[in-house]
Amino acid sequence: MPEQRIIRNYVDRHNSYTIESYLSSGGYSALRKALGIAPAEITDMVKKSGLRGRGGAGFPAGIKWNFIPPDSKKPVYLCCNADESEPGSFKDREILERDPHQMIEGIIIACYAIRSHKAYIYIRGEMPYGAKRIQQAIDEAYEHGYLGENILLSGFDLDMKLYIGAGAYICGEETGLLESIEGKKGEPRPKPPFPAQIGLFGCPTIVNNVETLACVPHIINNGADWFASIGTPRNTGTKIFGLSGHVNNPGLYELPLGINLLELIEEYGGGIPGGRKIKAVSPGGSSSAVFSADELDIAMDFDTVAAAGSMLGTAGVTVMDETVSMIKVAQNLAHFYRDESCGQCVQCREGTWWLEKILREIDEGKGAIEHLDIILDACSQMRGTTICALADGCAMPIESIVRKFRDEFEEHIKRGHS
Amino acid sequence: MPFPPRLRDKIQEIADDHETRLSALIPVLREVQNEFGWLSNESMEEVAEALDIPPSSVQNVASFYTMFFTEPVGTHVMWLCRTLSCALRGAEGLEHHLCRRLGVKTGETTADGKITLLEAECLASCGTAPAMLVDDTLYENLTETEVDRIVDKIKRSG
Ligand code: FES
């Protein structure tokens with residue numbers, strides 16, 4: 001079965017990133033249409049389409065937009081979160097580099113819907129090429145009258161600015177991102193207040209992911225019902241799945257939400273190299289709980305994956321074959337979160353450091369069986385107790401690995417001591 | 001060393017283009033680092049003065065973000081991804097290879113001052129792992145041969 005490409009439709013085209021290419025495939029017609037509709041109706045359409053945030057949380061985009069007070073005296077901001085850095089995720093980078101106008105058109109429509117006149121695109125510093133493409137696309141959009149004052153003679157004004165980060169995973173957290181744009185350390189803010197009330201520079205702000213915004217023009221062009229007819233009733237539309245790790249054909253695959261995980265790996269990913277067996281799969285970026293080989297017959301949508309004790313997250317699927325040491329995997333992940341913890345909360349700062357240390361000791365043969373329960377205990381203390389979800393993102397996969405692969409840990413510990 | 005007038009003008013231009021002076025800080029630090037290769041204490045003080053913000057804000061931000069260097073680095077910086085998807089496809093072997101080839105440990109700079117080798121966290125290139133960012137260029141699907149080619153090119157280019 002071929003992919004069902006909506007967002008990725010033109011990414012392979014020569015010069016796909018230019019405005020000429022975008023216009024030649026009907027680009028910016030959704031904006032033209034949207035500007036003739038009342039802002040509240042646009043939000044309603046997005047709500048009706050069922051579009052859920054593609055950045056990881058899966059929160060309905062239209063409902064989020066509705067949180068902006070309609071009578072705000074303060075300016076309203078929209079920030080596009082292009083800080084893609086969840087390990088296992090590489091879907092936004094393609095949009096940024098190969099079809100940026102799609103996202104920009106989505107941003108303009110979103111701003112019109114929430115009555116924002118200033119949009120930021122926050123891209124991570126490690127994507128210099130993407131930043132170049134985005135800046136070029138913004139410039140082109142200004143030249144063609146899709147940005148600036150009185151857009152397409154509608155009376156609607158919008159300025160758009162690219163903000164380039166400087167290396168910090170935590171800036172992908174929406175309030176960490178806002179802090180960073182304000183010129184500070186990317187330390188997440190306690191919530192409430194939510195950004196829709198007090199966001200960037202103290203003003204109402206919406207933060208949406210790149211892929212979420214790229215869906216918007218298609219919804220406007222083809223209608224909410226069309227979008228809602230793809231996928232499953234509560235998980236609508238296509239999703240860009242990323243396959244990495246031990247698969248024959250790693251890469252991006254755009255498919256309806258609800259695709260079966262085994263089918264994704266076998267049919268689209270071409271199975272496991274060397275005919276080896278799957279040992280574990282991280283279904284939604286590194287912060288998601290891993291599945292063992294017997295849990296893979298599952299629909300990849302937000303609700304089903306959550307019900308199975310993990311999360312769809314960014315839908316970055318990382319496959320691990322039977323040759324992998326789950327102890328090393330856990331250690332690799334703990335290292336990441338320790339490295340990226342902003343250090344505000346004790347449970348996170350010390351928990352991630354401590355998990356890495358104890359996992360390293362186990363790996364080096366210096367572990368004890370009691371350590372396993374101590375790890376599980378530490379993980380439970382890290383969950384739901386911090387300002388942001390980073391500590392949870394560390395605890396969830398590690399807890400699942402220790403629980404599901406406990407035999408491997410125990411065997412390794414015993415061998416290390418013999 | 002005071003900033004050259006061209007850089008001072010550029011900083012002013014960036015400051016004017018941002019909603020608050022503090023929000024110009026990260027773009028300004030990037031500009032200064034582009035000029036000198038790293039952010040010395042003197043540079044940071046001068047940035048604080050130019051933006052009229054407390055020096056501690058500049059220090060805090062410079063040390064928080066991994067792409068800002070508060071110590072001198074080589075002319076070229078290699079960011080080799082170490083995170084899971086790259087690790088599953090041989091990043092560790094590549095790191096050993098690079099260390100041997102460059103005669104450094106990760107985090108160090110080659111004796112000729114040309115290359116600093118650093119570990120990066122996931123570069124959003126997991127589908128084309130292993131990946132490495134060298135200055136502004138991303139290299140994907142790396143092999144030892146490819147890594148050697150990149151190193152040779154840098155050594156030749158000066
Ligand atoms: S893990 Fe290396 S690029 Fe994602």
Side-chain angles (χ1 to χ4, degrees), chain A residues 84-94 96 118 124-132 161 163-171 180-187 200-201 242-246 249-252 282 285-286 316 318-321 324 328-329 332-333 335-336 339-340 342-343, chain B residues 14-15 17-31 33 39 47 51 53 57-69 79 81-89 91-92 118-138 140-141:
Chain A
E84 181 170 58
S85 38
E86 172 76 9
S89 320
F90 49 101
K91 63 189 181 67
D92 295 336
R93 191 165 67 86
E94 182 182 74
L96 296 164
K118 180 82 190 233
R124 65 186 288 206
E126 295 91 337
M127 289 188 188
Y129 189 65
K132 220 171 93 188
K161 196 168 178 59
Y163 206 90
I164 305 174
Y169 168 69
I170 197 61
C171 294
S180 187
I181 296 182
E182 290 183 6
K184 303 177 217 157
K185 298 194 276 184
E187 292 177 337
L200 189 61
F201 305 117
L243 269 179
S244 69
H246 295 147
N249 306 317
L252 298 170
S282 166
S286 68
T318 308
V319 180
M320 293 156 259
D321 75 18
V324 161
K328 285 204 192 303
V329 170
N332 183 291
L333 294 177
H335 179 113
F336 172 80
D339 217 15
E340 299 293 350
C342 81
Chain B
I14 296 172
D17 193 35
H18 283 77
E19 307 198 35
T20 64
R21 303 192 74 79
L22 188 58
S23 75
L25 177 57
I26 291 174
V28 164
L29 287 178
R30 183 175 307 104
E31 201 64 36
Q33 181 163 292
L39 301 169
V47 166
L51 291 178
I53 55 177
S57 307
V58 183
Q59 296 271 3
N60 279 341
V61 163
S63 55
F64 183 82
Y65 295 94
T66 53
M67 298 184 81
F68 289 138
F69 306 121
W79 292 97
C81 178
R82 60 151 297 277
T83 320
L84 186 57
S85 298
C86 286
L88 292 173
R89 293 183 88 96
E92 210 178 314
L118 297 173
E119 272 181 354
E121 298 293 1
C122 181
L123 291 168
S125 312
C126 326
T128 46
M132 171 168 81
L133 184 68
V134 183
D135 302 327
D136 276 357
T137 310
L138 181 72
E140 300 164 87
N141 295 311

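Excluded from the calculations below are hydrogen atoms, water molecules and symmetry mates; all remaining heavy atoms, backbone and side chain alike, are included. Proteins come first, then strands; the chains are lettered A, B, ... in the order of their sequence lines, and each starts at number 1.
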A.B. asks: With a 4.5 angstrom heavy-atom cut-off, is it the side chain or the backbone of A:Ile181 that approaches chain B, or both, or neither?
C.D. replies: backbone

A.B. asks: Distance-only, no hydrogens or angles: does the A:Tyr163 side chain make a donor-acceptor pair with backbone N or O of B:Ser23 under 3.5 Å?
C.D. replies: yes

A.B. asks: Applying side chain to side chain donor-acceptor pair (under 3.5 Å), name anything that partners A:Glu126, two or more places apart in sequence or on another chain.
C.D. replies: A:Arg124

A.B. asks: Do you know which of B:Ser125, B:Ala120, B:Ala87 has the most heavy-atom pairs under 4.5 Å to chain A?
C.D. replies: B:Ser125

A.B. asks: Side chain, backbone, both or neither: which part of A:Phe336 has a heavy atom under 4.5 Å from chain B?
C.D. replies: both

A.B. asks: What part of A:Ser180 is in contact with chain B, defined as an atom under 4.5 angstrom from a non-hydrogen atom: side chain, backbone, both or neither?
C.D. replies: both

A.B. asks: Please flag which part of B:Ser57 lies under 4.5 Å from any non-hydrogen atom of chain A: side chain, backbone, both or neither.
C.D. replies: neither

A.B. asks: Could you tell me whether the side chain of B:Glu121 reaches within less than 4.5 Å of the side chain of A:Ser85, counting heavy atoms only?
C.D. replies: no

A.B. asks: Let me know if A:Glu84 has heavy atoms under 4.5 Å from chain B in its side chain, its backbone, both or neither.
C.D. replies: both

A.B. asks: Are the side chain of A:Asn332 and the backbone N or O of B:Leu84 linked by a donor-acceptor pair below 3.5 Å?
C.D. replies: yes

A.B. asks: Test your reading of the model: is there a side-chain donor-acceptor pair from A:Thr318 to the backbone of B:Ser85, 3.5 Å cut-off?
C.D. replies: no

A.B. asks: Under 4.5 Å, counting heavy-atom pairs only, tell me which of B:Arg21, B:Glu19, B:Gln33 racks up the most with chain A.
C.D. replies: B:Glu19

A.B. asks: Does any heavy atom of chain B fall under 4.5 Å from the side chain of A:Lys328, the backbone, both, or neither of them?
C.D. replies: neither

A.B. asks: Report the option among A:Lys132, A:Met127, A:Lys118, A:Glu86 that has the most heavy-atom pairs separated by less than 4.5 Å from atoms of chain B.
C.D. replies: A:Lys118

A.B. asks: At a heavy-atom separation under 4.5 Å, does A:Leu252 approach chain B through its side chain, its backbone, both, or neither?
C.D. replies: neither

A.B. asks: Is B:Glu119 in contact with chain A via its backbone, its side chain, both, or neither, using a 4.5 Å heavy-atom distance?
C.D. replies: side chain

A.B. asks: Any chance you could measure B:Thr137, atom OG1, to A:Tyr129, atom OH, to the nearest 0.5 Å?
C.D. replies: 10.5 Å

A.B. asks: Enter the distance from A:Cys171:SG to B:Phe64:CZ here, rounded to the nearest 0.5 Å.
C.D. replies: 5.5 Å

A.B. asks: At a 4.5 Å cut-off on heavy atoms, which part of A:Ser89 comes close to chain B: side chain, backbone, both, or neither?
C.D. replies: backbone

A.B. asks: Mind checking the NE2-CG spacing from A:His246 to B:Leu88? Nearest 0.5 Å is all I need.
C.D. replies: 4.5 Å

A.B. asks: By a 4.5 Å heavy-atom criterion (distance strictly below it), what part of A:Pro128 contacts chain B: side chain, backbone, both, or neither?
C.D. replies: side chain

A.B. asks: Nearest 0.5 angstrom please: B:Thr66 OG1 to A:Glu340 CD, how far?
C.D. replies: 6.5 Å

A.B. asks: Under 4.5 Å from any heavy atom of chain A, what part of B:Leu133 do you find: side chain, backbone, both or neither?
C.D. replies: side chain

A.B. asks: Output, in order, the C-alpha distance, side-chain angles, deciding distance and verdict of side chain to side chain contact (heavy atoms under 4.5 Å, CB included) for B:Leu138 and A:Arg93.
C.D. replies: CA-CA 12 Å; B:Leu138 181 72; A:Arg93 191 165 67 86; 3.3 Å; yes

A.B. asks: Quick one: does A:Tyr169's side chain get under 4.5 Å of B:Cys122's, heavy atoms only?
C.D. replies: no

A.B. asks: Measure from the side-chain N and O atoms of B:Arg82 to the backbone N and O of A:His335, and report whether any donor-acceptor pair falls under 3.5 Å.
C.D. replies: no

A.B. asks: How many angstroms lie between NZ in A:Lys91 and SG in B:Cys126, if you round to the nearest 0.5 Å?
C.D. replies: 12.0 Å

A.B. asks: Between NZ of A:Lys161 and CG of B:Asp17, what distance do you get to the nearest 0.5 Å?
C.D. replies: 3.5 Å

A.B. asks: For chain A, which candidate among B:Asp136, B:Leu22, B:Leu25, B:Thr20 shows the most heavy-atom pairs at distances under 4.5 Å?
C.D. replies: B:Leu22

